[in-house]
Amino acid sequence: MAREAPRTLLSLSPAYQRGVRADDYEILVVDNGSREPMAPAAIDAAGPNVRVHSMDEAPPSPAAAVNRGLALARGTSVGVVVDGARIFTPGVVRHALLGLRLDDRPIVATLAWHLGAEHQSRSVARGYDQAVEDALLESISWPEDGYRLFEIAALAGSNAGGWFGPLAESCGLFMPKALFDELGGYDERFDLPGGGLLNLDTFVRACDLPATRLVVLLGEGSFHQLHGGSSSNSRIDRGPEFHDQYVRIRGKPFSIPTKDRTYLGTLPPAAARFV
């Protein structure tokens, strides 16, 4: 994702994120078998708190790469972004750090959007492509004000009801490292390309951990870039295949967790239409 990953990295950098410094957090990039490694200039542009690790003989699922990242992370808490094609709003890191202080066993979750007028599995069929997406980002002068991403995006299917609707997963999930250890990390039996329901499974299992508090960041989120992904950008519905694997592994159908939430954050004017 030579086009998309540098934007993801920039959106997590201390130059873009507000109210944090480079020594408040580290950014760990795990390259899961890219044919072309990320350009050194893109890494340098993200600031001094970036480390890169490349996976040898990387499998098609990101599960092993995530677990490698969890093992390498030096912080007492960790945020996982499975997809390197996401652009974050500028308050994610600051509010995640605040959310992690609200409880002894916090789970901090962000919602997800797709760039464009609708979910990219539909918009691609209507002519949406990377050139259109580049023009959209240019139209809001990104990255000058990252909250304007809400102006050019649609809610992702996993949280189609917005902040107060059902939440099936989080594409920016933060927890104490001890809670990831309690989960046993990301389950590497989810070995389909892209991971299938790997990310949803992890969120469900996190919500099922005892005595945890789910903190949902209001007014923050991640925005998915078009990159030809195996699920979100595909015209082929792979949902049944993904769900069949989930049932084989978990022995039951997937269901969206119903867990009480604490909301933390602000509501930028551009995000108000999603409330």
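Just so you know, these numbers come straight off a predicted model, no measurement behind them.
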Worksheet item: Under a 4.0 Å N-O cut-off, is there an ion pair linking Glu182 with Arg105?
Response: yes
Worksheet item: If you look at every heavy atom in Ala46 and Pro14, which pair is closest and at what distance?
Response: O-CD, 3.5 Å
Discussion item. Quick check for you: to the nearest 0.5 Å, what is the distance between Ser61 atom OG and Asn32 atom CG?
Written reply: 7.5 Å
Fill in: Between Glu169 and Asn199, a side-chain donor and acceptor under 3.5 Å
yes
Practice prompt. Could you tell me whether the side chain of His114 reaches within less than 4.5 Å of the side chain of Ser121, counting heavy atoms only?
Written response: no
Practice prompt. Give, for atom CG of Leu198 and atom CG of Asp191, the distance between the pair rounded to the nearest 0.5 Å.
Written response: 10.0 Å
Worksheet item: Given Tyr263 and Arg261, is the side chain to side chain donor-acceptor pair (under 3.5 Å) satisfied, shown in steps?
Response: CA-CA 6 Å; Tyr263 288 93; Arg261 307 173 192 179; 3.2 Å; yes
Practice prompt. Check whether any side-chain heavy atom of Met55 lies under 4.5 Å from a side-chain heavy atom of Val30, and answer yes or no.
Written response: yes
Worksheet item: Which residues pass the ring-ring contact (aromatic ring centres under 6.0 Å, His included) test with Phe180, sequence neighbours left out?
Response: none
Practice prompt. Using a 4.5 Å cut-off on heavy atoms from C-beta on, say whether the side chain of Val66 contacts that of Val82.
Written response: yes
Item to complete: Would you give the length of the straight line joining atom CD1 of Ile256 to atom CZ of Phe203, rounded to the nearest 0.5 angstrom?
Response: 10.0 Å
Item to complete: To the nearest 0.5 angstrom, please state how far the CZ atom of Arg205 sits from the CG atom of Leu179.
Response: 12.0 Å
Worksheet item: How about Phe242 and Phe190: are their ring centres within less than 6.0 Å of each other?
Response: no
Worksheet item: Is the shortest heavy-atom distance from the side chain of Leu115 to the side chain of Ile152 under 4.5 Å?
Response: yes
Worksheet item: Are Tyr128 and Arg126 close enough that a side-chain donor and a side-chain acceptor fall under 3.5 Å?
Response: no
Worksheet item: Are side-chain N/O atoms of Gln130 and Glu4 paired as donor and acceptor at under 3.5 Å?
Response: yes
Worksheet item: Taking the side chain as C-beta and beyond, is there a heavy-atom pair between Asp187 and Thr202 under 4.5 Å?
Response: no
Discussion item. Return the CD1 to CG distance between Ile107 and Leu102, rounded to the nearest 0.5 Å.
Written reply: 13.0 Å
Worksheet item: Got a donor-acceptor contact below 3.5 angstrom from the Tyr16 side chain to the Asp145 backbone?
Response: no
Fill in: For the student: nearest non-hydrogen atoms of Gln245 and Arg189, plus distance
NE2-O, 3.4 Å
Worksheet entry | CG-CD distance between Leu111 and Glu220, expressed to the nearest 0.5 angstrom | 11.0 Å
Fill in: Shortest non-hydrogen separation from Gly195 to Pro62 and the atoms involved
N-CD, 3.6 Å
Discussion item. Check this for me: does any side-chain nitrogen of one of Arg213 and Asp104 sit under 4.0 Å from a carboxylate oxygen of the other?
Written reply: no
Discussion item. Ignoring hydrogens, what is the shortest heavy-atom contact between Ala271 and Leu267? Give both atom names and the distance.
Written reply: CB-CD1, 4.1 Å
Discussion item. Tell me the closest heavy-atom pair linking Pro37 and Asp31, and the distance in Å.
Written reply: CA-OD2, 3.8 Å
Discussion item. For Arg3, is there an ion pair with Glu133 - N to carboxylate O distance below 4.0 angstrom?
Written reply: yes
Worksheet item: How would you list, by chain and number, every residue that makes a ring-ring contact (aromatic ring centres under 6.0 Å, His included) with Phe223, sequence neighbours excluded?
Response: Trp113, Phe150
Worksheet item: Is the shortest side-chain N to carboxylate O distance from Arg7 to Asp134 below 4.0 Å?
Response: yes
Worksheet item: Do Arg21 and Asp23 meet the salt-bridge criterion of a basic N to acidic O distance under 4.0 Å?
Response: yes
Worksheet entry | Test applied, side-chain contact (heavy atoms from CB on, under 4.5 Å); reference residue, Pro257; option that passes from Leu167, Leu200, Leu214, Val204 | Val204
Worksheet item: Would you say Glu151 and Leu136 make side-chain contact, with heavy atoms under 4.5 Å?
Response: no
Practice prompt. May I ask you to say whether Asp56 pairs ionically with Arg68, meaning some side-chain N is under 4.0 Å from a carboxylate O?
Written response: no
Worksheet item: Do you know the tightest heavy-atom contact between Gly172 and Ser170?
Response: O-OG, 3.0 Å
Discussion item. Using the ring-ring contact (aromatic ring centres under 6.0 Å, His included) criterion, which residues pair with Tyr147? Sequence neighbours excluded.
Written reply: none
Worksheet item: Does Asp244 pair with Arg250 as a salt bridge, N-O distance under 4.0 Å?
Response: no
Worksheet item: Do other residues, nucleotides or ligands put more than 12 heavy atoms under 6.0 Å from the CZ atom of Arg273?
Response: yes
